[in-house]
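Lettering of chains follows the sequences in order, A, B, ..., and the numbering in each one begins at 1.
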There are 2 protein chains.
Amino acid sequence: MEAVLTAAVALLDEAGESALTLRALAARLGTGVGSIYWYVSGKDDLLDRAIDHVLGGVLTAVEGQTTSGDPIDDLRVMAVTLFDAIVDRPWLGAHFMQDIDVPGNSLRLYEELGRQTLRLDLTPRQRFHAVSAIVGVVVGNAADMGQEPPPEVLDGSVDRDEFLGRYAEAWRALDAEEFPFVHDIVDEFDGHDDKEQFLAGLELTLAGLRLQAGA
Amino acid sequence: MEAVLTAAVALLDEAGESALTLRALAARLGTGVGSIYWYVSGKDDLLDRAIDHVLGGVLTAVEGQTTSGDPIDDLRVMAVTLFDAIVDRPWLGAHFMQDIDVPGNSLRLYEELGRQTLRLDLTPRQRFHAVSAIVGVVVGNAADMGQEPPPEVLDGSVDRDEFLGRYAEAWRALDAEEFPFVHDIVDEFDGHDDKEQFLAGLELTLAGLRLQAGA
DNA sequence: ACCTGAACACCGTTCAAGT
DNA sequence: ACCTGAACACCGTTCAAGT
């Protein structure tokens, strides 16, 4: 079982979600396709378990973070840890935190985030919404990166900056009257860093939360 | 071409993303599989065009919204319109706003949102981040709903409240020492409304933005 | 210019049969 | 208890052939 999940994660890490096929997995394990069905009920179950498997490591990282005096600072650190985990494994993308309903590492991560909000002067409803919002910001920003990059970026023949630059070029060619905003921010888009973008969005949510909590 | 996209959207609306197969689409159009390839380069292209097709309607709705005196109020109204569009068509889910790079309705919606930030006292970088954050909140909250609901909810034999109630029950059974946050918010989770949750998260981002803009 | 549909190389899943 | 692998019912994509 452990070997099945390790092999599944390895396939996902190497070539993304589309690389995880039962045949490829069986080949890597040196067995037949059918035998995998003894361990998992199907492909969805396999993916769920693979996700839970890697979230175990993320949970350990989050638990190991020393808590500061400021719950909101702690929430920031945790959210960044979650974001970085998705950057490392883009295939987590949208599936991340999808299974809060069943007991597992998703739920434990949810609890870790939520525990910080217990230190804030909020109603339970406000806490529920605050944690959902933070998870939403992480997932919303990371989902963009979950999509497999175009082949010319993946194989390194064109780097990311050049790739962004091409689109920036196209944006600059747009009519200035019709697209005033796009023109206003095109220089920021050109060569932008996804993590910085995420951090800025997170900061807005945390600022709103701090205001709400009067902290 | 128009007929192809209309039929594709109909399939997606009726039974979700998995229902859009080239064979099903060809059958509905009364043609052969191969003929679809004359209009689109492949399945990904088909999905992209179907998304752009429905975003046309969303764009019209957004453009029709009268602007108020407060740019942040206008951003809220627009974000809600986007969210509602995804609620109506869960298959838009994560793909929503995925193609800002190519000129199309995604880019125009992006421009519409961004135009409101031009009325705020912000730097271009802050505007770029603000719009990304709002799109992130919409996508992050809507992505949760994009996953197909379990069959017993879909066929109506179990309603959503009962479904949530079951998980709430399981949560209440968890150890109180180990899961203090989950216990704190379980009554809020039970029977919660996804839209309310989204609105609360959006409000935090908008509050942070208002603070940043000094408005 | 537009359509056809058989053919190809894949999938996930099942299941009788093995050890 | 665990594994095998052929078989089934699907996919997306291609392409020689038609009109």
P gap between D:dA17 and C:dC2, integer Å: 22 Å
Centroid-centroid under 6.0 Å between A:F189 and A:Y167 rings: no
Verdict with reasoning, B:R108 to B:D52, per salt bridge (Lys or Arg N to Asp or Glu O under 4.0 Å): CA-CA 11 Å; B:R108 298 194 108 91; B:D52 190 72; over 6 Å; no
Main-chain N/O of B:V182 paired to A:E111 side chain as donor or acceptor, under 3.5 Å: yes
Identify each donor-acceptor pair in which a side-chain atom of residues 76-83 of chain A lies under 3.5 Å from a protein atom, sequence neighbours left out, and give them as a table.
unit_1 : atom_1 : unit_2 : atom_2 : d
A:R76  : NE     : A:E203 : OE1    : 3.0
A:R76  : NE     : A:E203 : OE2    : 3.3
A:R76  : NH1    : A:D73  : OD1    : 2.9
A:R76  : NH2    : A:E203 : OE2    : 2.7
A:T81  : OG1    : A:Q65  : OE1    : 2.6
A:T81  : OG1    : A:V77  : O      : 3.0

Stems where DNA chain D pairs, listed by first number, each of three or more Watson-Crick or G-U pairs under 3.5 Å: C:4-8 with D:12-16, C:12-16 with D:4-8
Span of DNA chain D in contact with chain B (heavy atoms, under 4.0 Å): D:dC11 to D:dT14
Those residues that, when tested against B:Y39, pass ring-ring contact (aromatic ring centres under 6.0 Å, His included) (two or more places apart): none
Check against side chain to side chain donor-acceptor pair (under 3.5 Å), A:D190 and A:H192: CA-CA 6 Å; A:D190 200 353; A:H192 78 273; over 6 Å; no
For DNA chain D, the residues among residues 32-49 of chain A that have a non-hydrogen atom under 4.0 Å from it: A:G32, A:V33, A:G34, A:S35, A:W38, A:Y39
Short side-chain to backbone donor-acceptor contact, A:H183 and A:L174, under 3.5 Å: yes
Any donor-acceptor N/O pair, B:R127 side chain to B:G114 backbone, under 3.5 Å: no
Between CZ on residue B:F179 and CZ on residue A:R115, distance to nearest 0.5 Å: 8.0 Å
Partner residues of A:D13 under the salt bridge (Lys or Arg N to Asp or Glu O under 4.0 Å) criterion, sequence neighbours left out: A:R89
